[in-house]
Each structure stands twice: as structure tokens, then as C-alpha cells.
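Here is the structure we will look at.
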Amino acid sequence: MTFRILALPGDGIGPEVVAVARRVLEALAAPEDLALAWQEALIGGAAIEAEGVPLPDATLEAALEADAVLLGAVGGPRWEGLPGVRRPEAGLLQLRRALEVFANLRPIRTRPALAGHTPLKPEVVAGTDMLFVRELTGGLYFGDKGRDRRGAYDLCRYETEEIERVVRLAARLARERRGRLTLIDKANVLETSRLWREVTRDLIAREFTDLDFEVLLVDAAAMLLIREPSRFDVIVTENLFGDILTDEAGVLAGSLGLVPSASLGGDTGPGLYEPIHGSAPDIAGRGIANPIGMLESLALMLDRSMRRPDLAARLSTAIDRVLEAGILPADLGGTATTADIEEAVLAHLSLPAEPAAAG
Ligand code: IPM
Ligand code: MG
């Protein structure tokens with residue numbers, strides 16, 4: 001069976017990092033006799049320029065037919081003046097919604113080699129290894145929004161079922177990890193948060209009594225994330241809080257440029273894999289983009305959609321070795337170019353696989 005990948009390079013540094021992912025995937029697949037079909041389509045600003053809309057029908061159809069979608073980034077100053085529904089970001093939101101990828105997994109860990117590369121004290125970030133599960137197809141992002149004569153509004157609405165499915169997925173993941181689950185909400189103010197808390201507590205009491213479960217208010221959580229990051233294992237939260245907190249938590253990895261994501265839905269339909277860093281228009285085209293968030297997203301795709309955890313582990317190990325060797329891109333204070341990192345990762349991939357170190 002051929003595994004069909006739809007690549008959506010998008011805008012800014014998106015095309016640069018997607019090109020790296022393609023070559024690294026080919027290198028991984030070659031000795032494995034894996035049948036891959038690679039197709040590319042337009043999204044975001046690139047699609048607006050070519051087709052006048054951020055998510056052309058052809059892109060959506062190709063995505064629905066693919067086994068996995070790899071996305072670079074969308075957005076940039078060129079399209080900032082456009083109305084909401086015609087902006088590049090709207091294309092990504094429509095795609096997430098159409099693929100029904102309601103759970104966005106964002107793993108964030110501090111590699112020992114990079115503990116000195118964050119603005120926090122190394123002893124504070126040491127041991128950080130958390131997995132955010134951000135709800136991705138509901139809440140303020142998708143609620144009714146608009147303007148009236150005196151102002152503007154965005155409706156935040158969640159249905160019980162939308163909460164339950166993402167919390168169940170997060171709870172299962174917590175079970176596979178260290179068994180700790182944190183719900184982040186604003187239940188002292190928001191009615192949707194009170195529903196999240198009710199539904200989550202019920203579900204945990206019914207199906208996941210083995211987990212160490214806690215709830216935190218989002219303001220306190222924002223503080224604890226940088227004061228005591230190693231206390232977290234799996235975090236589940238609604239769409240907007242998840243967007244904000246994962247940029248904050250990205251600092252713990254050393255740079256947002258290292259953080260990947262996997263957006264998953266039910267058992268059918270493709271997963272959507274994208275780095276969380278965005279299009280970085282200020283460095284686009286200069287050959288210095290950090291491709292690691294994209295490559296780690298590729299590792300998530302190998303693991304979750306291709307069911308090749310062995311290849312995913314080989315790729316992640318190669319990335320670890322490159323960083324341990326001090327080959328660092330500009331966002332980590334180094335001088336390695338995108339091409340240098342690609343070359344180093346490819347070189348480490350061809351070394352005999354080592355078992356992943358414990359801990
Ligand atoms: C992200 C991004 C997107 C989001 C933007 C580009 C719409 O910030 O994936 O975190 O807000 O979800
Ligand atoms: Mg974001």
C-alpha cells in the first residue's frame with residue numbers, strides 16, 4: 001500500500017522547512033522499501049496569490065484523500081489587511097475543521113543539551129517533558145463572530161461531546177506516559193470552562209480513576225509553566241488557552257522552532273502535522289530557518305499515521321544527537337543554517353540505530 005502525503009508548504013519559512021522534511025523522509029524511506037506518494041498543494045497566502053482564496057477546493061480534496069498532511073506555515077504581513085475569512089490563517093482553520101482534527105498534540109521537553117539555552121535557570125527547566133493536548137476545532141476560533149455598530153464579538157461555545165472526546169484522548173495519552181493529567185480552564189469566570197470541568201471530572205471518575213488528575217486556572221497555570229515546568233505531564237485545554245500557553249511553553253524547549261504538533265481526529269481521516277512556529281516572515285528566504293519543529297512533526301507522522309514508531313525514534317534520536325553536538329540554528333544562538341542542520345540530521349540517520357536512552 002502506498003502512503004499518500006499531501007505537503008502544504010504555505011508561506012514564509014514554510015516551503016524551506018517542508019523541503020527539508022521531504023528529503024529527510026526520502027532518506028528514511030529508501031532502505032525500507034516504503035511506497036510513498038508525495039503531492040503538494042497551495043494554502044494560506046500562497047493560495048490567495050494564486051487562486052484568490054486561502055484554502056482552494058483542490059487543496060481540500062487532496063487533503064481529504066491523503067493519509068497524512070504535512071504543513072509548513074501560513075500568514076505574513078502582506079495579507080494582514082484582509083478581512084478575517086479571507087486571511088491566510090482562515091485557510092488553516094478551515095482545513096482543521098474539514099479534517100475534524102479536534103486534538104492538537106504539542107510535546108514540549110527540555111533536552112539536557114539545551115537546558116542552558118532558555119531564559120530560565122537550567123535547574124528550573126531540567127526534566128521538563130510535557131504534552132499539551134489542545135482542543136482544535138471549537139471554542140472562540142469557530143464561534144459566531146462579527147461586528148455591530150458599537151463593537152465586535154466572538155462567541156465561545158463548547159458542546160459536551162466536543163469536550164469529552166478530546167479529554168478522553170488526553171487521558172489515554174497520560175496513561176501511556178507518567179499518568180498525570182492537568183485540565184487548564186477559567187472556571188471561576190467562564191461558563192464554558194465550568195462545563196469543561198464538569199465533563200472532565202465525570203469522565204475521569206468513570207474511566208480514568210488510575211490517573212493523577214488536577215485542574216488549574218489558566219492564569220495560575222501560565223505562572224506554574226515557567227516556575228515549575230517539570231510538574232506537568234499531559235495538559236488538556238481549550239483552543240485559545242492552548243494556543244497561548246504552547247507558545248509560552250515553547251520557551252522551555254529552548255526555542256519555538258523546535259516544537260512540533262500532530263492534529264488528530266477520529267480513527268479515519270488523515271492527521272495534520274505542522275510545526276507550531278509560524279511563518280517567520282522576517283527570516284524567510286534567508287536559509288536560516290530552524291527545520292527541527294518540522295522534522296519532529298514528521299517524526300510524529302511516522303509514529304501516528306504511518307505506524308512506524310521505529311523510524312520516528314530514529315529521526316528523533318538523530319535530531320537529539322545533532323543538538324547535543326552543538327549544531328544549533330540561529331534561534332538557539334548558533335550559526336548553523338537550515339542546510340547545515342539537514343545535512344547533520346541525514347548524517348546521523350545513517351549511523352546504526354541506538355536504543356533510546358532511558359529517562
Ligand atoms: C497555531 C497558530 C494558529 C492558531 C494560527 C496561525 C491561526 O498560532 O497553530 O498555534 O492560532 O491556531
Ligand atoms: Mg499559535
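First listed ligand is number 1; within each ligand, the first listed atom is number 1.
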| Side chains of E89 and W79: is there a donor and an acceptor less than 3.5 Å apart? | no

| request: Measure H277 to ligand 1 on non-hydrogen atoms and call it side chain, backbone, both or neither using the 4.0 Å cut-off. | output: neither

| request: Among residues two or more places apart or on two chains, list those pairs meeting ring-ring contact (aromatic ring centres under 6.0 Å, His included) that have a residue in residues 111-155. | output: none

| Test side chain to side chain contact (heavy atoms under 4.5 Å, CB included) applied to E135 and L240, V166, I163, V167, the passing residue | V166

| message | Polar contacts were defined as any N/O atom of the residue lying under 3.5 Å from an N/O atom of the ligand; does this apply to D243 and ligand 1? | response | yes

| said: Assess the residue pair L258 and L323 against the criterion (side-chain contact (heavy atoms from CB on, under 4.5 Å)); give the C-alpha distance rounded to whole Å, side-chain angles, the decisive distance to 0.1 Å, and a yes or no. | reply: CA-CA 11 Å; L258 297 169; L323 294 170; 4.2 Å; yes

| Only one of T118, L114, I226 forms a side chain to side chain contact (heavy atoms under 4.5 Å, CB included) with V125, so which one is it? | T118

| said: For ligand 1 and E89, I'd like to know whether there is a polar contact (N/O to N/O, distance under 3.5 Å). | reply: no

| Going by the order shown, which atoms of ligand 1 are within less than 4.0 Å of some heavy atom of R106? | 1 (C), 9 (O), 10 (O)

| field | Pair S261-E274, side-chain donor/acceptor within less than 3.5 Å | value | no

| query | Heavy-atom contacts under 4.0 Å between R87 and ligand 1: side chain, backbone, both, or neither? | reply | neither

| note | Atoms listed for the Mg ion (ligand 2) (protein only, N, O or S, under 2.8 Å, no waters) are D243 OD1

| message | Can you confirm whether R206 is buried at CZ, in the sense that more than 12 heavy atoms of other residues, nucleotides or ligands lie under 6.0 Å from that atom? | response | yes

| message | Under a 3.5 Å cutoff, is there a donor and acceptor pairing between the side chains of T317 and D320? | response | no

| For atom 4 (C) of ligand 1, what is the nearest protein heavy atom, given as residue, atom name and distance? | Y141 OH, 3.4 Å

| field | Between CZ on residue R231 and CE on residue M130, distance to nearest 0.5 Å | value | 10.0 Å

